[in-house]
Q: 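Below: one structure in structure tokens.
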Amino acid sequence: MPITVKFFASLREQIKSPASQIDSAGIATVADVWAAAADIPIPDHVLCSVNLDHCTAADSVKDGDEVAFFPPITGG
Amino acid sequence: MPITVKFFASLREQIKSPASQIDSAGIATVADVWAAAADIPIPDHVLCSVNLDHCTAADSVKDGDEVAFFPPITGG
Amino acid sequence: MPVTVLDTPFDPLQLLKQHEQTLEAGSVGAAAHFIGTMRNHNEGVGVSSLTLEHYPAMTTKELAKIIEDAHAKWNLIDALIVHRVGTMTPGDPIVLTAIWSAHRADAFEACRYLMEELKSRAPFWKKETLADGGDRWVEKNTAGYT
Amino acid sequence: MPVTVLDTPFDPLQLLKQHEQTLEAGSVGAAAHFIGTMRNHNEGVGVSSLTLEHYPAMTTKELAKIIEDAHAKWNLIDALIVHRVGTMTPGDPIVLTAIWSAHRADAFEACRYLMEELKSRAPFWKKETLADGGDRWVEKNTAGYT
């Protein structure tokens with residue numbers, strides 16, 4: 001199964017051709033997902049989630065996970 | 001002019017025949033007003049006001065003032 | 001009027017709606033409301049009705065001062081206090097405090113300030129009629145805002 | 001449902017009225033509400049519209065967790081969060097948080113907690129369309145509840 005990848009808000013606009021799915025081969029962490037899916041280095045202050053839970057870039061990722069990257073939250 | 005005296009809530013019920021007006025002759029403080037108007041010693045925790053402002057029993061009183069005594073506040 | 005004392009039941013949400021219509025739309029970013037309502041029990045005992053006595057002239061003056069103090073402490077667009085007096089039954093609203101401001105910290109803090117100051121400074125007293133037919137003055141004061 | 005995300009305008013006071021009807025009258029002693037509305041300016045610049053993007057599945061999950069956490073921290077009868085998404089204009093409500101409890105401290109503290117946690121944990125992002133026609137993402141995060 002592939003890993004699903006999502007980018008939100010300003011981050012989505014900064015990345016020219018984001019991948020929405022990547023192969024899990026060779027992917028161990030959230031940081032690896034970024035490197036495989038985005039065409040720019042990971043910016044400071046980027047937030048991330050695995051399967052809808054907040055996480056850090058060092059957290060591990062497995063086949064079938066949904067990984068999302070987003071800028072600081074500004075709702076409310 | 002006399003001094004107007006008011007007692008509120010449980011305090012009003014504790015005093016058998018409260019005076020609603022007293023002569024200002026010989027009255028210097030709020031405590032003097034109590035002694036002239038009430039038939040019991042001043043209980044602990046009684047609050048008071050002179051002309052609608054919170055005060056202490058030691059505050060001074062003059063002709064024409066309105067002095068009130070009341071138990072701890074329980075509104076809201 | 002920012003301060004209202006009523007001897008008949010009131011609908012807090014209706015009053016808030018009316019009051020909002022007096023404010024400039026687009027300037028308000030935050031509103032905080034507090035509503036206190038009569039419960040059917042207190043300190044483990046059933047309560048069937050509540051009578052609120054007050055010192056009318058002082059109440060109005062003190063509530064207006066509390067609002068003035070809140071405006072001095074925070075950056076507020078508007079403030080409202082409504083308090084019921086007389087005899088009420090469980091479920092009846094007793095008190096409404098509301099703040100409108102540009103930013104949320106002012107609204108939250110000032111709304112709580114209105115309630116805590118009201119509870120320590122505004123001359124209201126509660127007498128409960130209990131489910132068993134007896135009555136009692138509520139004698140417990142509550143701590144001020146710190 | 002304690003958590004609602006809406007892509008159309010909503011009336012906070014109307015929703016509060018509806019929700020109150022589901023609660024047992026006489027058990028609630030305190031209600032605290034917060035309403036955030038869109039202002040027509042931000043950081044000194046006129047704003048003509050605001051678009052809120054979110055991460056739907058995560059938003060719902062995170063808001064439900066915030067309510068669960070509030071119930072664990074305070075003694076609450078009920079809690080409500082409503083959040084708008086999509087494009088809105090000045091004066092439109094953005095967010096509503098509400099708490100019903102027996103006592104006021106729980107209501108005040110939990111209502112603020114809902115807002116502060118929402119602002120730091122729930123995946124929403126604001127993009128402003130400015131009065132001069134340009135647009136900008138709001139990039140400033142706000143401090144959590146402490």
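We name chains A, B, ... by the order of the sequence lines, and we start the count at 1 in each one.
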Q: Taking 4.5 Å as the heavy-atom cut-off, does anything in residues 78-91 of chain D contact chain C, and if so which residues?
A: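 Residues D:Pro90, D:Gly91 are the ones that qualify, each having a heavy atom under 4.5 Å from chain C.
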Q: Heavy atoms, side chains only, cut-off 4.5 Å: are C:Glu117 and C:Lys65 in contact?
A: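 Not in contact.
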Q: Is it true that C:Glu68 and C:Lys73 have a side-chain N and a carboxylate O under 4.0 angstrom from each other?
A: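 Salt bridge: no.
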Q: Less than 4.5 Å apart, side chain to side chain, heavy atoms only: is that true for C:Tyr113 and C:Leu118?
A: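 In short, these two side chains do not touch, never coming nearer than 4.5 Å.
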Q: For residues 94-103 of chain C, please give each side-chain donor-acceptor pair under 3.5 Å, one per line with the distance, not counting sequence neighbours.
A:
from, atom 1, to, atom 2, distance (Å)
C:Ser101, OG, C:His103, O, 2.8
C:Ser101, OG, C:Ala107, N, 3.4

Q: Select, from D:Pro93, D:Ala105, D:Ala30, D:Ala25, the one with the greatest count of heavy-atom pairs under 4.5 Å involving chain C.
A: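 Top count of heavy-atom pairs under 4.5 Å with chain C: D:Ala30.
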Q: For chain C, which residues from residues 31-55 of chain D lie under 4.5 Å away (heavy-atom distances)?
A: D:Ala31, D:Ala32, D:His33, D:Phe34, D:Ile35, D:Gly36, D:Thr37, D:Met38, D:Arg39, D:Asn40, D:His41
Q: May I ask you to check whether over 12 heavy atoms, not counting those of D:Lys17, lie within 6.0 Å of atom NZ?
A: no
Q: Can you tell which part of D:Gln14 gets under 4.5 Å to a heavy atom of chain C, answering side chain, backbone, both or neither?
A: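 The answer is neither part of D:Gln14.
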Q: I'd like to know if C:Glu109 pairs up with D:Arg112 as an ion pair, taking the criterion as any Lys NZ or Arg NE/NH1/NH2 lying under 4.0 Å from an Asp or Glu carboxylate oxygen.
A: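 Salt bridge flag = yes for D:Arg112 with C:Glu109.
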Q: Please report the shortest heavy-atom distance between C:Ala70 and C:Leu114, naming the atom on each side.
A: CB-CD2, 3.9 Å
Q: With the threshold set at 4.0 Å, does a side-chain nitrogen-carboxylate oxygen contact exist between C:Arg104 and D:Glu116?
A: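 Answer for the salt bridge query: yes.
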Q: Any side-chain heavy atom of C:Leu15 sitting closer than 4.5 Å to one from C:Phe10?
A: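 With C-beta onward as the side chain, the pair touches.
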Q: C:Thr60: which residues meet the side-chain contact (heavy atoms from CB on, under 4.5 Å) condition with it, sequence neighbours left out?
A: none
